[in-house]
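In what follows, a structure is listed as structure tokens, so that the remarks can point back to it.
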Amino acid sequence: MSDAEMKDPKDEIIEIDALDESADTEDESSDGTNTEDEDTEDDDNDESIESKHIKEYIEILTKIAGDKYNYDNYAELLEVAHQMNDLDKIRQSAEIFAAMYPLSPEIWLRWLKIESSLATTDEEVEKVEKLFQRALSDYYSAEVALEFAALAMKTNSKTIAERIWKTLIPTYGLHTMKGRSIFEAYREDTLTKDGDSPASFNRLARIYEQELKIPLRNMEDSYIEYKLLCEKYKDVLTDLDVEKFERRYKQAKEALQRMLPHETALAALEAHCHQERADLYRKYIADCQTLLDDDEVQILYERMVTECCLDGAVWHEYVRYLHRCPPDAEDNSASPVFRQTELDLVNRALRNCTWSAELYVEKMRIVERQATPTSKMTILKIMEDVASAGLQTPEASVKVWLEYLTYLRRVTDFASEKERDILRANFDLAWNQLGRTWGVLADPQCKILQYWGRLEYEALGEPNKGRDLWYSVMASSDNSSRVGLWIEFIEMEAKRGPEAARKLYRKSITTAGLDDPETLAAAWLRFERCNGTLEQLISCQELCNATIEKYYKTISKNGPSNRATKGKRSEAIGTTAHKDSDASAAKRQASSMDGTGGSPPGKKKMKRTNDNLSDTVGERHEEFKTPAIPPLHNSSKTHDLSKQEPSKPQIVIDIDSESDAKPGGDQSRQVFVSNLSFEVTETDIREIFPDLAIESIELVASSSGKSRGFGYMQLASAEEVPKALSFDRRPLNGRPVFISNVARDKTTRPHQFKYSSSFEPNKLFIKGLPFNLGQEELRRLFEPFGSIKDIRIVCFRSGKSKGLAYLEYEKESSAKNAVLKMDQHVIDGFTITVAISSPPPKKNPTATEPTLSVGDSGGSSSSLGSGKKLLGKWDVKQKLSPMIPTAVLKRSAAAASEEKPKSNDDFRKLLLK
């Protein structure tokens, strides 16, 4: 802002007040007679319009002071300044705009044309030249470049003109569609300033030669002009290398033929088709990159980011290209394009796309590669910029935090306890800040905790803390079903010893809903073969077989008959299993691994307690909580599996069959209570239900004596049951208590969903609410529109709000008014959505089996969309086949269809051979 100092809005307000006071003084001094003529009236009208513009200008400045990130306010301010025809105001508003955002080529061009027309002296031209340099640094614009060329032709100073051409020719002379116009202006200015002389003609020839080695539209016309120049002044032209010139010209022509179809496609696109334009530029670069110089490719990237400036992906691609092919700044020190560094470019990118996590990550990496003494402070400043910019998704925030924490890991001296604590504090800060900003949406996969936990196992040297962190990871979202995470966890836990890994294998294989139990079972088997005893191997096989058997039973519901499924199970589990038509034989094969755990044919296996299956099953439900940061020091309540005794049988209660654990008593007077905190006692329950006549309460406990979080209440009479059900979801210790009927058979239990599933014109569905907003605050917001009948905030089992609510009015008109007034309303930074409640139709709860269609042959086939694809026998066998000799595979495949199952005597004879 060297040309025009920015004025404080308060100074403008003082000027307005002075104008008002002078106007009042004139009114008081008037004698009431109208003596002005029409010209005076026109002047008054002009003054009135000017005053209006000034007031409007001040109002917009006030808006900008209150919301400095609103782009439209800056554009409106600049437009008002142009309407005022006040150059100082135009300069001031443009500088205010440029301080916050890069100015578009159109805005620069409108301003620069005014400045160029007023510049007469060399000093004024130099000031305008600096403005042009700034404009060309914001965006690559051929239109601004042509206006800059006009300024060079206008000035009488050869020094200024040469400076301008040194900026334009290396950069804008490479523009395929507009480059020839730049060269034409350059030649014309050279002739004008140098006159007709041999030196001038030789210089013209060099300009033509420089132009004709670049693929430019209509370069044939320039070629003809060059040939005419050479013919006319052949006596004075020197240093002509015809062969070299012709070779370069031919190469440029070939490149142009490849480029023109892409240029035509870009020109045909509508201005608003930004994504299609970016895709065309990518195709353009990929197709022509081998034919072009690095500088020419970089110009294509410049054009792409200018025309798609709000697409963070194109900026990121350009930054990566500049890292691979950095320009030589010394050759083109005057060019704003080729003298920029990676850091300059990424700063340009972030002025356009402040929300791009990839660009912040790239900037941190660039600063780290520079390895300057101030790199650490610069990266810290980048994180502050991220916080103020406000990323739009939790995934973007996680990505930036992970990059920052990774950088800190690289620069941390792990021998220093202080630096280790600083790293831990940053992990804690990242996790808590993500939680405060995004709530339950923040990092559901717990990538921050995964990384932190691995570092605790390794570089930070506290495996106990690492284990606690990984237990939090596995308890979050659906992570417990991901076999890959379990294997990674076990790999780190194995550093504590084989027993620790074994116990974690046992815990993971019994987890419900695993996405690939076979891979986990195979990993455990390999582990036991390398580290275990015979008994441990057999125990592993039995537990894995039971898990895989259950897994195949689940997926068989959506597939062919059970007979075929059992055959596939036997193939998946036993490496020497044979295809058997007898279902019981297939079941015996599925119950053994490698033939070691089976029983002789015909001998009924005794039913006994499965020691391994019972181990840690109850604990699994206890540990499945909302992820939380464990304390810095080890707590006595850690998940130390080594303290458990797997040899002791435990009573296993399946969470899916709570009714089977129901105590005796009159069921007509019982209710089932669940979602209780593990610390809740019988006294706590009685205190929150003082209106109920409770005869007894029985909380179901695990083998360790800890509460399982559910139980049964025996009421004084059957009449108390409906009353108890009305207290469903009453909070206790921050968690809603679920109360339902008791029925041993789940299919006979009454439907518990007590809310309407149809359209309700007097009820609102509200989403996007702040997670800490309570019922009273919600009532105060919506009560002005009518009498409220009921409010229900939807919560997780933990009692935390989901950001959703249902609000029921007495009248339909109240609901309609609330939708009109409150939809997209902002509450504490959260934009809420308000709509009339219209829940989607619920599926039939009894329709659990897939629909089967019977064909003419009488067979059955699964209907379309019946669920997961059933695994074929070769899908699993291929995992095991690389470990089996080919000859054995062939023999077993051939024998599978011919041989009968061998008895123990048969196997004994084989061994004695």
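Below, all heavy atoms of this structure are taken into account, side chains as well, without hydrogens, waters or symmetry copies. Along the sequence shown, residues are numbered consecutively beginning with 1.
In terms of heavy atoms, Val337 sits closest to Gln298 at O-NE2, 3.5 Å. The shortest non-hydrogen separation linking Ala81 to Ile90 is O-CG1, 3.6 Å. For the pair Ser116 and Phe132, the tightest heavy-atom approach, listed with the atom from each and the gap, is OG-CE1, 3.5 Å. Taking each heavy atom of Arg409 and Tyr451 in turn, the nearest pair found is CB-OH, 3.3 Å. Residues Pro336 and Leu136 share a closest heavy-atom pair of CG-CB, 4.0 Å. For Asp385 against Tyr360, the heavy-atom pair with the smallest separation is O-OH, 4.1 Å.
At least one donor-acceptor pair closer than 3.5 Å links the side chain of Glu124 to the backbone N or O of Thr120. Here the side chain of Lys154 pairs a donor or acceptor atom with the backbone of Ala119 at under 3.5 angstrom. Not one N or O on the side chain of Gln275 forms a donor-acceptor pair closer than 3.5 Å with the backbone of Cys308. Using modelled atom types, one side-chain atom of Thr306 and one backbone atom of Tyr140 make a donor-acceptor pair closer than 3.5 Å. Judged purely by atom type and a 3.5 angstrom limit, Tyr57 has no side-chain atom pairing as donor or acceptor with the backbone of Leu78. Here the side chain of Asp311 pairs a donor or acceptor atom with the backbone of Ala313 at under 3.5 angstrom. Using modelled atom types, no side-chain atom of Asp287 and backbone atom of Lys283 make a donor-acceptor pair closer than 3.5 Å. No donor-acceptor pair under 3.5 Å is formed between the side chain of Asp294 and the backbone N or O of Cys325. Side chain of Arg217 to main chain of Lys178: no donor-acceptor pair is present (N/O by atom type, distance under 3.5 Å, no hydrogens or angles). The backbone N or O of Ile448 lies less than 3.5 Å from no partner atom in the side chain of Trp401, so there is not a single donor-acceptor pair.
Side-chain atoms of Tyr226 and Glu211 form no donor-acceptor pair, as typed in the model, at a separation below 3.5 Å. Between the side chains of Trp315 and Asn352, not a single donor N or O lies within less than 3.5 Å of an accepting N or O. With no hydrogens or angles considered, a side-chain donor-acceptor pair links Thr341 and Asp344 at under 3.5 Å. For Asn156 and Lys193, the side-chain atoms include no donor-acceptor pair closer than 3.5 Å. Thr238 and Asn202 share a side-chain donor-acceptor pair at under 3.5 Å. Looking at Ser141 and Trp108, their side chains never bring a donor and an acceptor atom within 3.5 Å of each other. Side-chain atoms of Glu342 and His323 include a donor-acceptor pair closer than 3.5 Å.
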*Report the C-alpha distance between Arg303 and Glu263 in whole Å, list the side-chain angles of each, state the deciding distance to 0.1 Å, and finish with yes or no for salt bridge (charged side-chain N to carboxylate O under 4.0 Å, His left out).*
CA-CA 12 Å; Arg303 290 173 58 187; Glu263 294 287 353; 2.8 Å; yes

*asked:* Show, in sequence, the C-alpha distance, side-chain angles and deciding distance for Ile214 and Glu296, and conclude whether the side-chain contact (heavy atoms from CB on, under 4.5 Å) test is met.
replied: CA-CA 9 Å; Ile214 303 170; Glu296 293 167 343; 4.0 Å; yes

_Stepwise salt bridge (charged side-chain N to carboxylate O under 4.0 Å, His left out) check, Arg180 with Glu184_ = CA-CA 6 Å; Arg180 185 168 180 269; Glu184 283 180 336; 2.9 Å; yes

*asked:* Working note: Lys253 + Met219, criterion side-chain contact (heavy atoms from CB on, under 4.5 Å); need CA distance, chi angles, decisive distance, verdict.
replied: CA-CA 8 Å; Lys253 281 282 292 181; Met219 61 187 306; 3.9 Å; yes

*asked:* Is there a side-chain contact (heavy atoms from CB on, under 4.5 Å) between Met304 and Arg277? Walk through the geometry before answering.
replied: CA-CA 8 Å; Met304 178 169 67; Arg277 191 175 300 278; over 6 Å; no

*asked:* Does Glu115 form a salt bridge (charged side-chain N to carboxylate O under 4.0 Å, His left out) with Arg91? I'd like the steps, not just the answer.
replied: CA-CA 10 Å; Glu115 296 285 2; Arg91 289 171 175 169; 2.8 Å; yes

_Step-by-step salt bridge (charged side-chain N to carboxylate O under 4.0 Å, His left out) determination, Glu209 to Lys244_ = CA-CA 10 Å; Glu209 290 169 1; Lys244 182 179 179 181; over 6 Å; no

*Going through the distances and angles, do Met383 and Val400 end up as a side-chain contact (heavy atoms from CB on, under 4.5 Å)?*
CA-CA 8 Å; Met383 291 302 296; Val400 175; 3.7 Å; yes

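In this structure, Tyr249 and Phe245 have parallel ring planes: the angle between them is below the 30° cut-off, well short of the 60° mark. Classification of the Tyr101-Phe97 ring pair by plane angle, with boundaries at 30° and 60°, yields perpendicular.
Within a 6.0 Å radius of CE in Met377, no more than 12 heavy atoms belonging to other residues, nucleotides or ligands are found. Within a 6.0 Å sphere centred on CD of Glu384, other residues, nucleotides and ligands contribute more than 12 heavy atoms. In this structure, Lys166 places its NZ atom where only 12 or fewer heavy-atom neighbours from other residues, nucleotides or ligands lie under 6.0 Å away. In this structure, Lys63 places its NZ atom where only 12 or fewer heavy-atom neighbours from other residues, nucleotides or ligands lie under 6.0 Å away. Sparse packing is recorded around CD of Glu243, with 12 or fewer heavy atoms of other residues, nucleotides or ligands lying under 6.0 Å away.
Residue pairs meeting the salt bridge (Lys or Arg N to Asp or Glu O under 4.0 Å) criterion with at least one member in residues 65-81, sequence neighbours excluded, are Glu79-Arg110.
Residues Lys130 and Lys127 are not in side-chain contact: their nearest non-hydrogen atoms beyond the backbone lie 4.5 Å or more apart. Residues Lys234 and Leu240 have side chains not in contact (no heavy-atom distance under 4.5 Å, counting atoms from C-beta outward). Counting heavy atoms from C-beta on, the side chains of Lys767 and Ile832 never come closer than 4.5 Å. When side chains are defined from C-beta on, Gln210 counts as touching Ile169, because their heavy atoms get closer than 4.5 Å.
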Would you mind writing out the side-chain donor-acceptor pairs for residues 144-153 within the sub-3.5 Å range, not counting sequence neighbours?
none

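Note that OG1 of Thr378 is 12.5 Å distant from NZ of Lys376, once rounded to the nearest 0.5 Å. If you take CG on Leu266 and CD on Glu307, they are separated by 6.5 Å, rounding to the nearest 0.5 Å. Leu280 contributes atom CG, which lies 11.0 Å from atom OG1 of Thr264 (distance to the nearest 0.5 angstrom). Taken from CG in Leu204 to OH in Tyr186, the straight-line distance is 9.5 Å, to the nearest 0.5 Å. Here the OG-CG distance, from Ser356 to Leu350, works out to 7.0 Å after rounding to the nearest 0.5 Å. Note that the CG atom of Leu292 and the CD1 atom of Ile299 stand 11.0 Å from one another [nearest 0.5 Å].
Of the charged side-chain nitrogens involved, at least one lies within less than 4.0 Å of a carboxylate oxygen, so that Glu246 and Lys227 count as a salt-bridged pair. Salt-bridge annotation for Arg348 and Glu302: present, with a side-chain N of the basic residue lying under 4.0 Å from a carboxylate O of the acidic one.
Partners of Ser375 by side-chain contact (heavy atoms from CB on, under 4.5 Å), not counting sequence neighbours, listed by chain and number: Val367, Thr372.
Arg187 forms a cation-pi arrangement with Tyr208, by the criterion of a distance under 6.0 Å to the ring centre and an angle within 45° of the ring axis.
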